[in-house]
Participant: 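One structure coming up, written as structure tokens, with questions to follow.
In listed order, ligands and their atoms are each counted from 1. Atom set for the values below is all heavy atoms of this structure, side chains included, hydrogens, waters and symmetry mates excluded.
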Amino acid sequence: MRQSNLFTKTRKEAPADEVAKNAQLLIRAGYIYKNMAGAYTFLPLGLRVIEKINAIIREEMNAIGGQEMVMPSLQDSALWEASDRWSDENVDVWFKSELKAGGVVGFGWTHEEVITDLMRQFISSYKDLPKFPYQIQKKFRNEMRAKSGIMRTREFDMKDLYSFSATQEQHDAFYNACSEAYMKIFNRLGIGSQTYKTFASGGAFSKFSHEFQTLAEAGEDVVYVNEAKGVAVNEEVVKEADLSELGVSESELTKRKSIEVGNIFSLGTKFSEALDLHFTDEDGIEKPVIMGSYGIGPARSMGTIVDLLSDEKGIVWPESVAPFKVHLVGLNLEDAATRDWVDGIYASLQENGIDVLYDDREARAGEKFADSDLIGIPYRVVASKKAKEEGTFEVVKRANGEVRRLTEQELYGDFDSNEDT
Ligand code: ATP
Ligand code: MG
């Protein structure tokens, strides 16, 4: 992509009303636009990041048997009345609207009711189980506070997977597989070392649920952590549970701020009983299906990555989610021969399968480097008149500032394997 074609621009200052660091940086670098409190546009660069995050989530969900689909946002009140989650007294985040044809619809803030009803069409026997449908789909929530940038918005995509099992063993096996898949996802997103599978209260159907909490000063949540033992417990559990069964005592735990990037929850038969999702087991006995739900917020994860990995100059993307691998910064482009040559380097990088953003604007070197640091693409390749004459390129690794000089051939090879040379 040529930077001169991007309709977005970097900016020196974030809007005054934007208090969250993740959103300040993402707005300044041209990844997102704040339309109003709690509602953001993902601009071309931002969408590339979100799609890379989604691709990682999809790979890991598919690897454990997940099957993707998409359910509607508009919600039929009757389904939610069956589970007693339609009233505003019971659920404080509903957005609802009148239908011109008469009646009311809700805007989905989660999908247990919808999917339980839907699965009645497809599950009748133990042979139909287990099943693991999921979606990456828009949720609407009338959140009171929307001050954490893209980490808490009123409209956001969620990956929500639901498990349908015949037995507790089947359910537990998937619950554990999903928990491992979540850690793989957060590792691949570059936030794994700071992310803890955290004991949270489990509701009526299991002792605990689990939140995936990333330690961060910008977090809205609080967790109690023992880093050496790798144990984390949320506030509710610290107050209410016997911690000895978790292998720690309260005095061994340190209070930390954190961001809930995902969670997994055993639902038991709450929804299958309320919405009549039953199956016949091997002995011909009718039973309610055992369910679980498993959420991740792609945008909240993106905000967490920015919050954790940025430095004073701007964003530092891990390669796995960066919008491009290489930022080709062209200098001296007012010189026609140099411009032709840099255009050729750009074409060759693409031919060699390298995702590249080409800063082909005629601007001062200092301005281009500052923008490049702000945008945070993993490798900056400087292509200037001098590079043309010398036949080597300065390559700067954004994460640690490491500078290397590579020949044109080396440039088209694998950057990472050159790392130690
Ligand atoms: P929180 O306690 O932070 O409000 P939650 O318990 O409501 O989160 P879930 O309903 O389990 O969260 O949603 C699953 C995931 O969706 C969360 O782990 C988070 O990553 C993401 N998420 C939840 N609410 C929002 C929001 N308002 N904006 C962006 N992402 C969200
Ligand atoms: Mg919430």
Participant: What verdict does the side-chain hydrogen bond (donor to acceptor under 3.5 Å, both in side chains) test give for Gln3 and Asp360, after you've listed the backbone C-alpha separation in whole Å, the side-chain angles of each residue and the deciding distance to 0.1 Å?
Facilitator: CA-CA 6 Å; Gln3 215 165 322; Asp360 60 338; over 6 Å; no
Participant: State the atoms of ligand 1, each with its element, that fall below the 4.0 Å cut-off from a heavy-atom position in Glu143.
Facilitator: 24 (N), 26 (C), 27 (N)
Participant: Should Glu211 be listed as contacting ligand 1, given a heavy-atom distance under 4.0 Å as the test?
Facilitator: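 It does not; every heavy atom stays at 4.0 Å or beyond.
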Participant: Between Asn62 and Glu59, does any side-chain donor sit less than 3.5 Å from a side-chain acceptor?
Facilitator: no
Participant: Please report which non-hydrogen protein atom sits nearest to atom 21 (C) of ligand 1, along with the residue it belongs to and the distance in Å to one decimal place.
Facilitator: Gly297 CA, 3.7 Å
Participant: Nearest heavy-atom pair of Arg256 and Leu215: which atoms, and what distance?
Facilitator: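 Shortest heavy-atom separation between Arg256 and Leu215 comes out as NH1-CD1, 3.6 Å.
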Participant: Should we count NZ of Lys229 as having more than 12 external heavy atoms under 6.0 Å?
Facilitator: yes
Participant: Checking side chain to side chain donor-acceptor pair (under 3.5 Å) against Ser372, which of His327, Lys313, Arg398 comes through?
Facilitator: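 The single option meeting the side chain to side chain donor-acceptor pair (under 3.5 Å) with Ser372 is His327.
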Participant: Can you tell me the protein heavy atom closest to atom 14 (C) of ligand 1 and the distance?
Facilitator: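 Going atom by atom, the protein heavy atom closest to atom 14 (C) of ligand 1 ends up being Met158 CE, 3.6 Å.
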Participant: Considering Glu260, Lys139, Arg152 one by one, which has a heavy atom nearer to atom 3 (O) of ligand 1 than any of the others?
Facilitator: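 Comparing heavy atoms across Glu260, Lys139, Arg152, the nearest one to atom 3 (O) of ligand 1 lies in Arg152.
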Participant: Using the six-membered ring of Phe140, assess whether NZ or CZ of Arg154 lies under 6.0 Å from its centre and within 45 degrees of the ring axis.
Facilitator: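 No, Arg154 does not lie over the aromatic ring of Phe140.
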Participant: Who's the nearest protein heavy-atom neighbour of atom 11 (O) of ligand 1, and how far?
Facilitator: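 Minimum-distance protein heavy atom for atom 11 (O) of ligand 1 reads Asn263 ND2, 2.6 Å.
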Participant: Have a look at Arg145, Arg300, Met302 and point out the one with the heavy atom closest to atom 24 (N) of ligand 1.
Facilitator: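 When every heavy atom of Arg145, Arg300, Met302 is considered, Arg300 comes closest to atom 24 (N) of ligand 1.
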Participant: Which protein non-hydrogen atom lies closest to atom 30 (N) of ligand 1, naming both residue and atom, and how far is it?
Facilitator: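 Answer for atom 30 (N) of ligand 1: Phe156 CD1, 3.5 Å.
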Participant: Starting from atom 28 (N) of ligand 1, which protein heavy atom do you reach first, and at what distance in Å?
Facilitator: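 Residue, atom and distance for the closest contact: Thr153 N, 3.0 Å.
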Participant: Tell me whether Ile296 has any N or O atom under 3.5 angstrom from an N or O of ligand 1.
Facilitator: no
Participant: Are any of the side-chain nitrogens in Lys96 or Asp88 under 4.0 Å away from the carboxylate oxygens of its partner?
Facilitator: yes
Participant: What class does the angle between the rings of Trp80 and Trp109 fall in, given that below 30° is parallel, 30 to 60° is tilted and above 60° is perpendicular?
Facilitator: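 The arrangement is tilted - the two ring planes meet at 30° to 60°.
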Participant: Enumerate the atoms of ligand 1 whose separation from the nearest heavy atom of Gly262 is less than 4.0 angstrom.
Facilitator: 18 (O)
Participant: Just verifying a value: how many Å separate Tyr175 OH and Ser163 OG, rounded to the nearest 0.5 Å?
Facilitator: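 The OH atom of Tyr175 sits 10.0 Å away from the OG atom of Ser163.
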Participant: Examine Asp221 against ligand 1 and note whether any of their N/O atoms are separated by less than 3.5 Å.
Facilitator: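 For ligand 1, there is no N or O atom that lies under 3.5 Å from one belonging to Asp221.
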Participant: Could you tell me whether Val261 approaches ligand 1 through its side chain, its backbone, both or neither, with non-hydrogen atoms closer than 4.0 Å?
Facilitator: backbone
Participant: Can you tell me which residue and heavy atom of the protein come closest to atom 5 (P) of ligand 1, and the distance to 0.1 Å?
Facilitator: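 Nearest protein contact, heavy atoms only, for atom 5 (P) of ligand 1 is Arg141 NH1, 3.9 Å.
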